[in-house]
Amino acid sequence: MNLPVTGSTAEELLAEVARLKEHDLPVRGGQVTAYVYDTGRPEVHEAATRAYVEMLEVNSLDPTAFPSVVEMERQVVGAVADLLGGGHGIFTSGGTESIMLAVKAARDLAGRERPEMVVPVTAHPAFHKAAHYLGVRVRPAPVDLATYRARAADVEAAITADTVLVVASAPSYPQGVIDPVGEIAAVAAAAGAPCHVDACVGGWLLPWLREAGARVPAFDLSVPGVTSLSCDLHKFGYAPKGASVVLFADPAMRRRAYFASAAWPGYTVINATVQSSRSAGPLAGAWATLRALGRAGYLELGRATLEAAAALREGIARVPGLRVLGEPESSLVSFAAADAGLDVFVLADEARARGWFLQPQLSYAGIPANLHVTVTGVTRAGVDAMLKVIAESAEAARLRGPVTLPEGLVELVAGLDLEALDDPTFAELAASVGVDLRPGRGQPEMAVVNTVLDALPAAQREAVLVRFLSVLYG
Ligand SMILES: Cc1ncc(COP(=O)(O)O)c(C=O)c1O
């Protein structure tokens, strides 16, 4: 943007925003099966938006200046603690920040010179990010390849004298299954290590599913050995983005997540989160969503997601050539191809051409490439339409056949010294194999991109992904 000399009116700017959003995926309606959470009740989202805007300019940096922030946070964190076995919490901007704070608290509490944490391979990359930022080494634990759940014995085998944290997910995102939290927390406790439950997805979902009749094992702070837990309100709390809570069983551990600095001549800095200045909008949005829905609203959403997820699992199992992975207890469902003639990445492109986004997941740690669907409140109304699209897209993908890459391409990419390439050269190289990332060239054929990535080892995938982003932002 060239900064204009004179200003514009709000109407002009909003017209421009609408134009910029023209090619975005829709955030409402249920045709985008990841990233967005729709209750199907517009009035709830409207209430959250209004509260968000009302608090937009309030700065959570200084709670003594804005007591509304303290009161709202106490209410929101209190509601999460009430539902999830108590504890002492912090309102954060999302799952990643909640996890970052849990890892920081565990690291600082242990005070090890070479801290490590045990992370099942299906746990969210936020743990790897926290480890990277905080100088903690990750010891991965494999998962059972029939159930996709972590096993306590594998976690136990990965624990060392330097382990400062053990992780379990409820559920893990890729296949929507719940790790055996009780068993994992027990082996952690026996080794004297804290255990964090990543309930970013399940914290504000599983209790309602249980109340609606689902069999949900205990997973929260009431489980012996669980010392902290993350629960995102911007997922199944249906709050606007920027809303999560991290709970600590022990207030002394929560204090380890805080940061204070008096090492400068300016205002005193005391932060509960990674961010310092931050809008109270997300807090107000979450507060308003909880109040607008209430227990009855969440229970009804729980029923709707339970029904929709069951219908989806059964429907997918009936599509020739597709199989659901594992037995998801939550409302996240993933499915893979049952034979080599059907390429799920092609299926995803076919679905996208029909207006539906199904999220591709690359093969990893023995788990095959698959597509992911996050079932939300709105899905029940559209589950038949979604199944029809999946069936049609599967048939079309079989007709098209799997992606075949130019011979030698994977070896070429795997052997690239990316550090030696500048961004324009990388972009040209990508364009020469049909992946044009340059502005205005439209959406690249994602099946090709995913097939290339899928064929690479994780480290090379990461290097290529960083390049994609760098080229995209130009
Ligand atoms: C299980 C789990 N944990 C953590 C996260 C990270 O959450 P966020 O994207 O809010 O940082 C996610 C996001 O999908 C998740 O599924």
Side-chain angles (χ1 to χ4, degrees), residues 23-27 29-38 122 125 148 173-176 308-309 311-313 315-326 328 331-364 367-376 378-379 382-405 409-410 430 433-437 441-456 461 464-465 468-469 472:
H23 300 294
D24 283 7
L25 293 169
V27 299
Q31 290 189 217
V32 174
T33 66
Y35 311 128
V36 291
Y37 294 77
D38 187 358
T122 46
Y148 306 103
Y173 182 87
Q175 275 71 48
L312 189 66
R313 284 197 305 270
I316 289 171
R318 283 197 298 271
V319 176
L322 294 182
R323 65 187 177 98
V324 173
L325 296 180
S331 71
L332 312 185
V333 176
S334 71
F335 58 96
D339 63 80
L342 182 56
D343 182 332
V344 285
F345 297 146
V346 178
L347 193 166
D349 280 359
E350 288 290 333
R352 182 111 185 221
R354 290 166 173 77
W356 288 73
F357 177 80
L358 308 172
Q359 190 177 46
Q361 302 192 120
L362 305 181
S363 59
Y364 185 70
I367 302 173
N370 61 84
L371 301 180
H372 177 106
V373 174
T374 295
V375 170
T376 70
V378 79
T379 310
V383 72
D384 291 338
M386 190 190 294
L387 281 166
K388 188 163 173 280
V389 163
I390 292 174
E392 281 172 16
S393 304
E395 209 177 308
R398 194 177 286 285
L399 280 176
R400 264 174 66 184
V403 169
T404 47
L405 297 173
L409 176 65
V410 170
V433 295
V435 181
D436 204 335
L437 301 165
R441 308 299 167 109
Q443 168 81 10
E445 203 173 326
M446 289 310 292
V448 175
V449 176
N450 287 321
T451 305
V452 173
L453 289 174
D454 200 63
L456 297 173
R461 285 178 188 173
V464 169
L465 289 169
F468 274 150
L469 206 59
L472 210 57

Legend entry - Working for side chain to side chain contact (heavy atoms under 4.5 Å, CB included), residues Leu405 and Val448: CA-CA 7 Å; Leu405 297 173; Val448 175; 4.0 Å; yes

Inset, instruction - Give the C-alpha distance, both sets of side-chain angles, the deciding distance and a yes or no for side chain to side chain contact (heavy atoms under 4.5 Å, CB included) between Phe345 and Asp454. - result: CA-CA 10 Å; Phe345 297 146; Asp454 200 63; 3.9 Å; yes

Legend entry - Inter-residue atom distance Ser334.OG - Arg323.CZ, 0.5 Å rounding: 9.0 Å

Legend entry - Non-hydrogen side-chain atoms of Arg352 and Phe357 separated by less than 4.5 Å: yes

Legend entry - Beyond-backbone contact of Gln175 with Pro328, side-chain heavy atoms, under 4.5 angstrom: no

Legend entry - Where Leu322 and Ala394 come nearest, the two heavy atoms and their spacing: CD1-CB, 4.4 Å

Legend entry - Check: Leu347 main-chain N/O paired with Asp349 side-chain donor or acceptor under 3.5 Å: no

Inset, instruction - Decide yes or no for Leu358 and Phe335: does some side-chain heavy atom of the first lie under 4.5 Å from some side-chain heavy atom of the second? - result: yes

Legend entry - Tyr364 and Arg461, any side-chain heavy atoms less than 4.5 Å apart: yes

Inset, instruction - Answer yes or no: is there a side-chain heavy-atom contact under 4.5 Å between Val452 and Leu409? - result: yes

Legend entry - Close side-chain approach of Met446 to Pro360, heavy-atom, < 4.5 Å: no

Legend entry - Over all atoms of both residues, closest heavy-atom pair of Val383 and Ala308: CG2-O, 3.8 Å

Legend entry - Least distance between heavy atoms, Val346 atom then Gly401 atom: CG2-O, 3.9 Å

Inset, instruction - Establish, yes or no, whether a centroid distance under 6.0 Å links the rings of His372 and Tyr173. - result: yes

Inset, instruction - List the steps and the verdict of side chain to side chain contact (heavy atoms under 4.5 Å, CB included) for Thr374 and Thr379. - result: CA-CA 9 Å; Thr374 295; Thr379 310; over 6 Å; no

Inset, instruction - Quick one: pull up CG in Asn450 and CD in Gln361 and give me the separation to the nearest 0.5 Å. - result: 11.0 Å

Inset, instruction - Hey, could you give me the CG/CD1 distance between Leu362 and Ile367, rounded to the nearest 0.5 Å? - result: 12.0 Å

Inset, instruction - Find the distance between OG (Ser393) and CH2 (Trp356) and round it off to the nearest 0.5 Å. - result: 10.5 Å

Legend entry - Electrostatic pair Glu395-Lys388, nearest N-O below 4.0 angstrom: no

Legend entry - Short side-chain donor-acceptor distance under 3.5 Å, Thr376 and Asp38: no

Legend entry - Heavy-atom closest pair, residues Gly29 and Val378: C-CG1, 4.0 Å

Legend entry - Minimal non-hydrogen separation, Pro26 against Val32, with atom names: O-CG2, 3.2 Å

Legend entry - Nearest atoms (heavy-atom pairs only) where Glu350 meets Ala396: OE1-CB, 3.5 Å

Inset, instruction - Measure the shortest side-chain to side-chain distance between Leu371 and Gln359 over non-hydrogen atoms and say whether it is less than 4.5 angstrom. - result: no

Legend entry - Stepwise side chain to side chain contact (heavy atoms under 4.5 Å, CB included) check, Ile390 with Met386: CA-CA 6 Å; Ile390 292 174; Met386 190 190 294; 4.1 Å; yes

Inset, instruction - State whether the side chain of Asp343 and the backbone N or O of Val403 hold a donor-acceptor pair below 3.5 Å, judged by distance alone. - result: yes

Inset, instruction - Taking the side chain as every heavy atom from C-beta outward, state whether Pro174 and Leu325 have any atom pair closer than 4.5 Å. - result: no

Legend entry - CA sep, side-chain torsions, deciding dist, call: Arg398, Asp339, salt bridge (charged side-chain N to carboxylate O under 4.0 Å, His left out): CA-CA 10 Å; Arg398 194 177 286 285; Asp339 63 80; 2.9 Å; yes

